[in-house]
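Remember, it's a predicted structure, so these values are computed and weren't measured experimentally. Chain letters run A, B, ... following the sequence lines, proteins first and then strands; every chain starts at 1.
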Amino acid sequence: MSSPRAPKGTYDLLPDDAAERDAIVATAARVFSAYGYRHVVTPEFEETGLFERGVGEATDIVRKEMYTFLDKGDRSLTLRPEGTAPICRAYVEHGMHKLPQPVKLWYYCPMFRYEKPQAGRYREHYQIGAEAIGSADPAVDAEVVVMLAAIFSELGVEGVTLNMNSMGDAQCRPAYVEKLREYLRGHEAELCGDCLERIDINPLRTFDCKVETCRAVLDEAPRISDHLCPECSEHFDAVLALVRAAGLEPNLDFRLVRGLDYYTRTTFEFNSDRLGAQSGVGGGGRYDGLVEQIGGQATPGVGWGSGLERISLAMREPLAVPASTGVYVVAFNDDDRPTAFSVAERLRRSGVPAQLDLAGRSPKGQLKQAGRSGARYAVLLGLEELADGDVRLKDLAGGGEEDVAAADLPALVAARMAGAVAPSSGAPQAHRSLESEA
RNA sequence: GUGAAGGUAGCUCAGCUGGCAGAGCUCCGGGUUGUGGUCCCGGCGGUCGCGGGUUCGAAUCCCGUCCUUCACCCCA
């Protein structure tokens, strides 16, 4: 077939999956709100320079993964590959340093990276994320970590472990990096080609290497945790204490060196064993130099991003999506179809979800649709024995029928359905959120 | 960018020692003309991913290509 297909690494979210996605985001939104984070939306593309400067020229994202293009005005633009730099840009652009600090924001939007797709990895993938900008207090680091754990817990994301590390700051990291570099130079014979290159570019990344001999070398390498300045060390201890007090058990991982250049001090990553090779469900850290890096005044910040596709994969079971309810209007004769159309419209205006056949089906076919639609009632029009102005209300679950005046129908059905609210607690909220986002 | 395994109906798949393209589910209709979700019957639906090659003949064998899946790199 040569008909068009979704581009490589992209996918369609069809109604069943989209309903689940909406429910997941609604749950996350509830948690964000509980912590006082507010929703922001930034553009799908930015000036290329924002990511080059913010994310870092040496990162894989900037070197080989960005969707960059020239627009008709010869501006170099890039489809957003990550969420933090754009939000920091917005923070600076809109003078948010004048607001009470830290400014706490969350987002839900697609990210674009030119990568080879595999399990849990797409060229267009969706993330939720949070950023708290404007405070260096360790309580902020702890808050964002605990908040992400709360979201996973609410969603039933399984097999999650939390890894944390501190990468130091401008005061202590340079000296440590130099020390690490020296150590690595002393073991060049045992390192793989990639790691040899990393010695000059970014020695910290050698900790990511999975080659056995490299790992052996790195196991004995000087660790950042032993070389933090007193301020960073104190900061990290304070973060850990708060995170532990919230009931989490962070695993201290000296190999956790995240791939973006902007991280300072705290870095963290949540992994799930239900995910395959790409086990990260969410990660982030502190980025005290980023705002200044992109042209604002020196401002600390901390945040994380989490992939929706991976959240779905790691969830215990699909989030319950509210069953559709309402009424299906059936016309037994073609002459009744215009009436069916207006009856359905009156029901909707009374707050009752209502559908009717739009494909010329037989009465039997219409009833079949009614059952399939999940409607609680069918309204039957055009039965010969009905009194003038009456319709027949059929309970699709119980099967009972009664004749009622068409004029009374909307109020009657609305009352019936209000009195028999579905017991599932998540449903009404998820439904509300669907309406509010529409 | 590197490697491996796969692409047959809307979906899940069979057919693969070359010989007329199949099943289940879905969808539509019918079951004496007016009642759904079960059951029975029928129907719609495929350039066998695409392009080349071998052959009397290719879904089947060969090459290329695109796409999917999984892994590496790296990330969410």
Using the six-membered ring of [Y], assess whether NZ or CZ of [X] lies under 6.0 Å from its centre and within 45 degrees of the ring axis.
| X | Y | result |
| --- | --- | --- |
| R123(A) | F112(A) | no |
| R265(A) | F236(A) | no |
| R255(A) | F207(A) | no |

Using a heavy-atom cut-off of 4.0 Å across all strands, would you classify [X] as base, sugar-phosphate, or nothing?
| X | result |
| --- | --- |
| V330(A) | nothing |
| G360(A) | nothing |
| D208(A) | sugar-phosphate |
| S362(A) | sugar-phosphate |
| R205(A) | sugar-phosphate |
| G382(A) | nothing |
| Y122(A) | base |
| L380(A) | base |

[X] side chain: which of [options] is closest?
| X | options | value |
| --- | --- | --- |
| A119(A) | A71(B), A76(B), G34(B) | A71(B) |
| K64(A) | C72(B), C73(B), U69(B) | C73(B) |
| K364(A) | A76(B), G34(B), G31(B) | G31(B) |
| E385(A) | G37(B), A76(B), G34(B) | G34(B) |
| R113(A) | C73(B), U35(B), A76(B) | A76(B) |
| Q278(A) | A76(B), C72(B), G30(B) | C72(B) |
| L260(A) | G29(B), G36(B), A76(B) | A76(B) |
| K116(A) | C72(B), G29(B), G34(B) | C72(B) |
| R372(A) | U69(B), C70(B), C27(B) | C27(B) |

Given that both distances must come in under 3.5 Å, which nucleotide forms a Watson-Crick or G-U wobble pair with [N]?
| N | value |
| --- | --- |
| C44(B) | none |
| U65(B) | G49(B) |
| U54(B) | none |
| C72(B) | G1(B) |
| U60(B) | none |
| C39(B) | G31(B) |
| U17(B) | none |

Self-check item: Greater than 12 external heavy atoms within 6.0 Å of R63(A)'s CZ
Solution: yes
Check this for me: does the side-chain of [X] come within 3.5 Å of the base of [N] through a donor and an acceptor?
| X | N | value |
| --- | --- | --- |
| E115(A) | C75(B) | no |
| K8(A) | U68(B) | no |
| R121(A) | C70(B) | no |

Quiz item: Under the criterion salt bridge (Lys or Arg N to Asp or Glu O under 4.0 Å), which of E44(A), E47(A), E65(A), E46(A) is the partner of R80(A)?
Solution: E44(A)
Quiz prompt | Below 4.0 Å: OP1/OP2 of C28(B) and any side-chain N or O of Q369(A) | solution = yes
Quiz item: So, is Q118(A) close to the A71(B) phosphate, meaning a side-chain N or O under 4.0 Å from OP1 or OP2?
Solution: yes
Quiz item: In whole Å, what is the span from the OH atom of Y328(A) to the P atom of U35(B)?
Solution: 17 Å
Practice problem: Find the distance R392(A):CZ to G36(B):P and express it as a whole number of Å. | Solution: 14 Å
Quiz item: Of L275(A) and Y114(A), whose nearest nucleotide on RNA chain B comes first from the 5' end?
Solution: Y114(A)
Quiz prompt | Residue whose closest nucleotide on RNA chain B lies nearer the 5' end, K394(A) versus N271(A) | solution = K394(A)
Quiz prompt | Residue pair K104(A) / E131(A), side-chain heavy-atom distance below 4.5 Å | solution = no
Practice problem: Mind telling me whether F32(A) and W304(A) have parallel, tilted or perpendicular rings, with 30° and 60° as the class edges? | Solution: parallel
